[in-house]
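Accompanying notes for the structure given below.
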2 protein chains.
Amino acid sequence: MSTARRPGRRPGAADTRGEILTAARKVFSEKGYDKATMRGIAREAGVDPALVHHYFANKEGVFAEALQLPVTPDVILPELLGAPRHELGERLVRLLLTVTSDPQAREPVIALMRSAMTNDQARETLREFMSSAMLFRVADALEVPHIRIEAAFAQMFGIIMARYVLRLEPIASADLEEIVELVGPTLQRYLDP
Amino acid sequence: MSTARRPGRRPGAADTRGEILTAARKVFSEKGYDKATMRGIAREAGVDPALVHHYFANKEGVFAEALQLPVTPDVILPELLGAPRHELGERLVRLLLTVTSDPQAREPVIALMRSAMTNDQARETLREFMSSAMLFRVADALEVPHIRIEAAFAQMFGIIMARYVLRLEPIASADLEEIVELVGPTLQRYLDP
């Protein structure tokens, strides 16, 4: 059964992917993360759901691309699960700081934090996405209690705020590896079983 | 030499304190934290500088009251300096979580974070206040390198965001002492010499 409203559209047309992302932003903003579905995004975009799955592996992939978020569990998890357990903390700090050191990659993350602090619906959507798609997935894959992954998230959220938004010195200009050495053991402790 | 513009005003009149705070908010917002002075605030309020010192011990005291911030180093430091060194981490976590558990005390802190994320001048003022009046004073009193106190600040900033703004579960509903146990050792490690 196709739910396409515009059956004349060529699948894979140059702008289809962009139109799916536009539709996704609308659906996420109206319904929040948990209640949005791949099918609902397809309906909003006027395409077959199979096409949404063709472009994006899953709902968290659509969300991350719609909001131009630079990291998802699909990026983080292979990096972490392939590492020795005692290196998890420093690897995670290094990965998150490396990704956010690029202003273009960082800006959408900060924009999302900003809107979550000023807008109830954005906060709700971020809360749902962070919990079900990001933190709990990483926590469950690493067999870490949810509250411990949230403490790790809180540490890195604060570091990124202090370094890139508030630009507190000396942390704003510190060498990336100095922060890895400082904060890596904190994340390691939270991630240790 | 008095800089009062309204010499007829009675010192200690019922609304003088409030007028000084109104003047202080204007001066901090125009000049930022570092360039604001007790004398400049007195001039803006039209009172003698001695009166500003009478109501508020120092510039950080005026700032904290003008923005209704619930904690200053004058509150934190006696609590920390009187404690055994190995209890610093858990005491600081307990103190900050206890203070921010009161919505009325918490709201001005969150409002300040919010405006720092959306407004350049507010960000600059918060950055200066955090550095010179808060973090560095605590760091220097405890003989801790500045970057380590910033990592501790980042952890607690993130915890307060996750618990009270994003309201991520389970951390939002967790017992205060559970968070003290989880995060205390992190702060202890940053504060250890």
Side-chain angles (χ1 to χ4, degrees), chain A residues 93 110-120 122-132 134-136 139 145-175 178-179 181-190, chain B residues 93 110-120 122-132 134-136 139 145-175 178-179 181-190:
Chain A
V93 177
I110 292 170
L112 185 61
M113 291 177 178
R114 192 176 280 139
S115 62
M117 287 193 77
T118 51
N119 175 298
D120 285 345
R123 172 164 51 241
E124 200 64 13
T125 302
L126 179 63
R127 192 172 64 76
E128 293 170 355
F129 172 71
M130 285 306 302
S131 299
S132 53
M134 297 283 288
L135 299 178
F136 295 174
H146 290 177
I147 196 169
R148 300 183 75 89
I149 206 86
E150 289 175 347
F153 160 73
Q155 173 71 84
M156 292 311 298
F157 179 98
I159 293 283
I160 290 168
M161 271 291 300
R163 184 169 164 91
Y164 296 118
V165 180
L166 291 179
R167 291 188 211 104
L168 290 181
E169 293 298 350
I171 210 169
S173 307
D175 186 76
E178 188 184 354
I179 303 178
E181 200 177 310
L182 181 64
V183 179
T186 297
L187 264 59
Q188 184 65 41
R189 191 179 140 264
Y190 292 141
Chain B
V93 176
I110 291 170
L112 185 62
M113 292 176 177
R114 192 176 280 138
S115 61
M117 289 194 75
T118 51
N119 175 296
D120 286 346
R123 174 164 48 241
E124 200 64 12
T125 302
L126 179 62
R127 191 171 65 74
E128 293 170 356
F129 172 71
M130 284 307 301
S131 300
S132 54
M134 297 283 290
L135 299 179
F136 296 174
H146 290 176
I147 196 168
R148 300 184 74 90
I149 207 86
E150 290 176 347
F153 160 73
Q155 173 72 82
M156 292 311 298
F157 180 98
I159 293 282
I160 290 168
M161 271 291 301
R163 184 168 163 90
Y164 295 118
V165 180
L166 290 179
R167 292 188 210 104
L168 289 181
E169 292 298 351
I171 210 169
S173 306
D175 187 75
E178 187 184 355
I179 303 178
E181 200 178 312
L182 181 64
V183 179
T186 296
L187 265 60
Q188 185 65 41
R189 191 179 139 266
Y190 292 141

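Everything numeric in this text was worked out from a predicted model, so none of it was measured. Just so we're on the same page: letters track the sequence lines, and every chain starts at 1.
Smallest separation of non-hydrogen atoms from B/Ile171 and A/Glu150: N-OE1, 3.0 Å. Summarising the geometry of B/Ala122 relative to B/Asn119, their closest heavy-atom pair is N-OD1, 2.7 Å, with the distance given to 0.1 Å. Closest approach of A/Gly158 and B/Phe157 over heavy atoms only: CA-CD2, 4.2 Å.
Looking at B/Leu126, the atoms closer than 4.5 Å to chain A (heavy atoms on both sides) all sit in the side chain, from C-beta outward. Both the backbone and the side chain of B/Arg114 come within less than 4.5 Å of a heavy atom in chain A. With a threshold of 4.5 angstrom between heavy atoms, B/Glu169 approaches chain A through N, CA, C or O but not through any side-chain atom. Heavy-atom distances place no part of B/Arg163 under 4.5 Å from chain A, backbone and side chain included. Proximity to chain A (any heavy atom under 4.5 Å) is shown, for B/Met113, by both the backbone and the side chain. For B/Leu135, the part lying under 4.5 angstrom from a heavy atom of chain A is the side chain only.
Contact count versus chain B (heavy atoms, under 4.5 Å) is highest, among A/Ile160, A/Ile110, A/Ile159, for A/Ile159. Taking chain B as the reference chain and counting heavy-atom pairs below 4.5 Å, the highest number among A/Ala152, A/Pro145, A/Pro185 is found for A/Pro185. Your options are A/Arg167, A/Arg148, A/His146, A/Met130, and the one with the most heavy-atom pairs under 4.5 Å with chain B is A/Arg167.
With hydrogens and angles disregarded, no donor-acceptor distance shorter than 3.5 Å links the side chain of A/Ser131 to the backbone of A/Glu128. Judged purely by atom type and a 3.5 angstrom limit, B/Ser132 has no side-chain atom pairing as donor or acceptor with the backbone of B/Phe129. The main-chain N or O of B/Val165 is never found under 3.5 Å from a side-chain atom of A/Arg127 such that the two would form a donor-acceptor pair.
Within the 4.5 Å cutoff, the side chain of A/Val183 has heavy atoms near those of the A/Met156 side chain.
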